[in-house]
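Remember, predicted model here, so these are calculated numbers, not experimental data. Letters go in sequence order (proteins before strands), and every chain restarts at 1.
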Amino acid sequence: MTSYTKRTHTCGELREIHIGQTVTVTGWVDVRRDLGGVVFIDLRDRYGKTQVVFAPQHDITAYEKAQSLRSEYVISVTGKVERRPVGTENPELPTGTIDITAMELQILNKAETPPFPIEDAIDVSEELRLKYRYLDLRRPMMQRNLLARHRFYQITRAYYDRHGFIEVETPILMKSTPEGARDFLVPSRIHRGKFYALPQSPQTYKQILMVAGYDRYFQIVKCFRDEDLRADRQPEFTQIDVEMSFVDENDVLATTEGLIAELWSGILNVDVKVPFHRLTYKEAMEKYGSDKPDTRFRLEIADCSDIVAKSSFRIFSETVAQGGVVAGFAVPGQATITRNQLDGLTDLAKSLGAGGLVYVRVTDEKVESSVDKFVSPEEVKSIASRIGAKAGDLGLLISGPWQKALSILGSLRLEMANRLNLIPKGKWNFLWVTDFPLLEYSEEEKRFVAVHHPFTSPKPEDAGLLDTDPLKARARAYDLVLNGNEIAGGSIRIYNSELQSKMFGLLGIGPEEAKAKFGFLLEAFKYGAPPHGGIAYGVDRMVMLMTGMKSIRDVMAFPKTSSGLSLMDDSPSAVDEKQLKELHIRTI
RNA sequence: GGGAUCGUAGCUCAGUUUGGUUAGAGCGCCUGCCUGUCACGCAGGAGGCCGCGGGUUCGAGUCCCGUCGGUCCCGCCA
């Protein structure tokens with residue numbers, strides 16, 4: 001039994017067709033306007049707002065009670081839907097042609113004055129929003145974001161179900177594995193000194209599901225990585241995890257494109273053109289200086305190494321001689337950029353590891369550069385021509401090792417696009433980046449590490465390189481990029497235990513360690529592993545982009561701050577000595 | 001681990017450059033008046049550990065050191 005009158009309608013649904021009906025609405029007091037003889041209340045729930053009028057001629061008790069109402073009081077109001085007097089309609093509200101004249105008011109709960117108003121246009125620190133997250137989540141914008149996220153889940157489930165995929169849950173308590181990000185560890189009470197790890201992804205489980213014959217799997221799953229946070233990175237985040245058997249890259253990519261199209265049409269009513277453009281990693285780096293290029297604007301990079309290979313400017317010629325690149329891009333109309341701004345760009349380049357930044361200014365009369373003392377005018381002209389700098393344009397050049405120089409150019413490219421407002425709104429530039437290197441060398445660990453993960457298959461034609469020149473081997477890996485954001489990544493996997501063992505060997509994981517850490521997977525591969533591959537999507541990032549947010553925190557109900565704290569419930573926090581003892585743990 | 005930036009009323013900020021009387025503004029809040037408002041209006045009022053700790057100084061919101069917290073970035077993120 002409820003002790004209050006339940007709602008007959010939500011606060012968003014009453015219209016002129018309801019005029020004359022007696023209704024009950026429940027919700028939160030959005031704002032109170034007390035005119036003395038009459039009190040107006042905007043009542044809010046997640047469906048909308050409806051104005052309620054309290055006046056003595058309708059009901060004196062309700063009117064008197066309404067004087068005490070304050071923001072965020074929770075009430076139930078019964079009254080009659082009436083047409084608003086001519087001239088008092090509110091065109092801002094969908095319910096603005098009617099209001100409810102109150103006959104009964106029940107105050108279900110009082111509320112303290114909130115530390116910030118419950119509305120979209122707030123100018124308040126994120127710290128405060130996170131501390132009072134339940135109030136922040138009452139704001140229409142946050143409700144819209146979480147609703148979009150909900151729609152995302154529903155469309156995803158329906159799509160994969162329709163295509164024969166089955167959703168399988170995999171453990172949250174699993175084995176800690178080497179490689180990749182730092183694990184979150186969970187001490188075992190029963191097994192003294194042993195630990196579970198929270199999954200960085202369900203990678204090994206989904207591959208084993210393929211061995212088990214569940215040839216189309218998906219899961220909406222939390223993943224955990226104990227690394228530093230960013231606007232688009234949280235220690236726990238959500239992936240759509242997918243794996244398919246008896247497929248190649250094209251099958252995975254096409255299946256993914258189908259889902260993306262349905263998500264964008266279902267949530268944003270946007271038609272996404274498929275298939276998406278594909279770029280190899282090499283092309284992406286050389287043209288955009290990034291493995292997740294933003295193609296909404298140009299500023300494309302051109303290689304000038306051949307022009308300066310014999311240059312008397314030794315920084316250029318020696319870079320080329322050592323196998324590096326001299327490359328750059330043109331910035332239209334920026335020949336007049338100030339010395340000060342150029343210094344800023346130079347500082348940015350240096351902070352990213354560049355030795356320096358060379359610029360070229362093209363005017364109607366001449367082409368001048370910051371290295372005119374060292375580089376011949378013919379070379380400077382050729383460079384300007386190569387990068388496509390015309391009269392009035394600025395050219396920016398970086399020299400250095402291939403990946404480093406191009407990456408810095410990629411950062412400068414983004415910086416210039418932002419400064420000059422070159423990034424158009426409302427564009428959805430999806431593209432695939434393929435043919436990543438399989439391995440890279442880690443200076444820190446003095447060994448090869450997997451670019452994607454250790455289960456990624458090399459391209460068949462590069463298999464021989466594993467023995468001769470492993471860094472040259474390309475992977476059957478692919479990333480989905482949207483407007484310069486990596487939103488999904490996957491690969492065709494190794495399904496042969498010998499090849500997998502060889503991979504571990506290359507990664508410096510010896511047979512003993514491989515057996516200890518991944519023995520179950522190698523063992524499983526001996527019992528009939530099908531060829532398989534898959535992909536995982538970053539749900540938070542995708543919903544962030546879809547809702548136009550700048551941080552994934554705005555599409556997560558309860559995110560952490562950039563130092564990993566939860567300001568609402570104050571976690572992490574100290575625990576009782578008793579708990580530690582049970583877990584055989586001592587803090588140092 | 002490193003860099004940048006911020007922390008003053010419930011909120012958003014000014015004041016810090018150049019130390020000096022009683023730390024201000026807008027919004028919000030409270031009280032009163034007001035019967036068609038919707039950023040209601042009008043009048044009045046309350047509200048401060050200047051993040052915290054230490055130092056310099058006759059004197060610190062202001063200078064110095066440390067620390068805690070927010071945001072962004074580099075490293076890190078198979």
Where does the angle between the aromatic ring planes of Phe184(A) and Phe224(A) fall among parallel (under 30°), tilted (30 to 60°) and perpendicular (over 60°)? perpendicular
Let's see if you can work this out: which of U71(B), G28(B), G36(B) has an atom nearest to the side-chain heavy atoms of Thr113(A)? G28(B)
Pro115(A) has a side chain; which of C76(B), U12(B), G10(B) sits nearest to it? G10(B)
Between Arg447(A) and Glu440(A) (salt bridge meaning N to carboxylate O under 4.0 Å), is one present in this structure? no
Touch class at under 4.0 angstrom, heavy-atom based, for Ser563(A) against every strand present: sugar-phosphate
Could you work out the separation of G53(B) and A60(B) based on their P atoms and round it to a whole Å? 14 Å
Quick one: closest heavy-atom pair of Ile118(A) and Arg139(A), and the distance? CG2-N, 4.0 Å
Taking the C1' atom in each of C50(B) and A14(B), what is the distance between them to the nearest angstrom? 13 Å
Between G47(B) and U31(B), how far is it from one P atom to the other, in whole Å? 16 Å
For Val38(A) and Ala55(A) the tightest heavy-atom approach is CG2-CB, 4.1 Å
What is the distance, rounded to the nearest whole Å, between atom CD of Glu119(A) and atom P of C11(B)? 16 Å
Does Glu127(A) pair with Lys131(A) as a salt bridge, N-O distance under 4.0 Å? no
NA contact type, Gln57(A), heavy-atom cut-off 4.0 Å: base, sugar-phosphate, or nothing? base
Counting any heavy atom closer than 4.0 Å, what does Asp226(A) reach on the DNA or RNA strands: base, sugar-phosphate only, or nothing? nothing
Taking C34(B), C40(B), G36(B) as options, the one with an atom nearest any side-chain atom of Val31(A) is C40(B)
Does U71(B) have OP1 or OP2 sitting under 4.0 Å from an N or O in the side chain of Ser562(A)? yes
Using the C1' atom as the point on both nucleotides, what is the distance between A25(B) and G69(B), in whole Å? 26 Å
Taking for each residue the nucleotide of RNA chain B with the nearest heavy atom, is it Phe40(A) or Ser551(A) whose nucleotide lies nearer the 5' end? Phe40(A)
Which value, in whole Å, describes the distance between the P atoms of nucleotides U56(B) and C64(B)? 15 Å
Rounded to whole Å, how long is the line connecting atom CG of Asp136(A) with atom C1' of C11(B)? 14 Å
Between C29(B), G36(B), C76(B), which nucleotide gets closest to the side-chain atoms of Pro85(A)? G36(B)
Is any side-chain nitrogen or oxygen of Thr561(A) closer than 4.0 Å to OP1 or OP2 of G70(B)? yes
Taken to the nearest whole Å, CD1/Ile552(A) to C1'/U71(B) is 15 Å
Atom CZ of Arg233(A) and atom P of C72(B): how far apart are they, to the nearest Å? 12 Å
In whole angstroms, how far is the P atom of G36(B) from the CG atom of Leu93(A)? 20 Å
What's Asp228(A) touching, base or sugar-phosphate or nothing? Going by heavy atoms closer than 4.0 Å. base
Can you find an N or O donor on one side and an acceptor on the other, under 3.5 Å apart, linking the side chain of Glu127(A) with the base of U71(B)? no
So what does Val39(A) hit on the nucleic acid, given a heavy-atom distance under 4.0 Å: a base, only sugar-phosphate, or nothing? nothing
Considering every strand and a 4.0 Å limit on heavy-atom distances, what is the contact class for Ala55(A): base, sugar-phosphate, or nothing? nothing
Choosing from U37(B), C76(B), U71(B), which nucleotide comes nearest the side chain of Glu227(A)? C76(B)
I'd like to know whether the aromatic ring centres of Tyr63(A) and Phe54(A) sit less than 6.0 Å apart in this structure. no
For the side chain of Glu126(A), counting heavy atoms from C-beta on, which of U71(B), C40(B), U12(B) is nearest? U71(B)
How do Asp232(A) and Gly180(A) order along RNA chain B: which one's closest nucleotide is nearer the 5' end? Asp232(A)
Reckon Glu89(A) touches a base, only the sugar-phosphate, or nothing at all at heavy-atom distances under 4.0 Å? base
Taking atom types as modelled and ignoring hydrogens, do the side chains of Tyr217(A) and Asp241(A) form a donor-acceptor contact shorter than 3.5 angstrom? yes
Have a look at Pro114(A) and say if it touches a base, only the backbone sugar-phosphate, or nothing, with a 4.0 Å heavy-atom cut-off. nothing
For G70(B), does OP1 or OP2 lie under 4.0 Å from any side-chain N or O of Arg553(A)? no
Do any side-chain nitrogens or oxygens of Arg33(A) fall under 4.0 Å of OP1 or OP2 in C34(B)? no
For U12(B), give its Watson-Crick or G-U wobble partner with both distances under 3.5 Å, or none. A25(B)
How many whole angstroms separate atom CG of Asp30(A) from atom P of C40(B)? 10 Å
Gap in Å between the two P atoms, one belonging to G20(B) and one to U37(B), rounded: 50 Å
Report which part of the nucleic acid Val449(A) touches: base, sugar-phosphate, or nothing (heavy-atom distance under 4.0 Å, all strands). nothing
I want to verify a distance call: between C11(B), C38(B), G36(B), whose nearest atom is closest to the Asp42(A) side chain? C38(B)
Mind telling me whether His453(A) and Phe455(A) have parallel, tilted or perpendicular rings, with 30° and 60° as the class edges? tilted
In whole angstrom, give me the gap between the C1' atoms of G3(B) and G10(B). 34 Å
When you get a sec, tell me which of G70(B), C30(B), G36(B) is the closest nucleotide to the side chain of Arg70(A)? C30(B)
Side chain of Gln51(A) only, heavy atoms from C-beta on: which candidate in C76(B), U37(B), C72(B) is closest? U37(B)
Value in whole Å for how far the P atom of C73(B) lies from CD1 of Ile408(A): 18 Å
Need the pair for G66(B). Rule: Watson-Crick or G-U wobble, both distances under 3.5 Å, any strand; none if unpaired. C52(B)
Distance, rounded to the nearest Å, where Leu128(A) contributes CG and G70(B) contributes P: 13 Å
Under 4.0 Å from OP1 or OP2 of G3(B): is there any side-chain N or O of Ser351(A) that close? no
Taking C76(B), U12(B), C29(B) as options, the one with an atom nearest any side-chain atom of Glu444(A) is C76(B)
Verify the contact: side-chain N or O of Arg225(A) to OP1 or OP2 of C76(B), cut-off strictly under 4.0 Å; return yes or no. no
In whole Å, measure the gap between the P atoms of G66(B) and C13(B) for me. 26 Å
Between Phe525(A) and Tyr495(A), does the ring centroid distance fall short of 6.0 Å? no
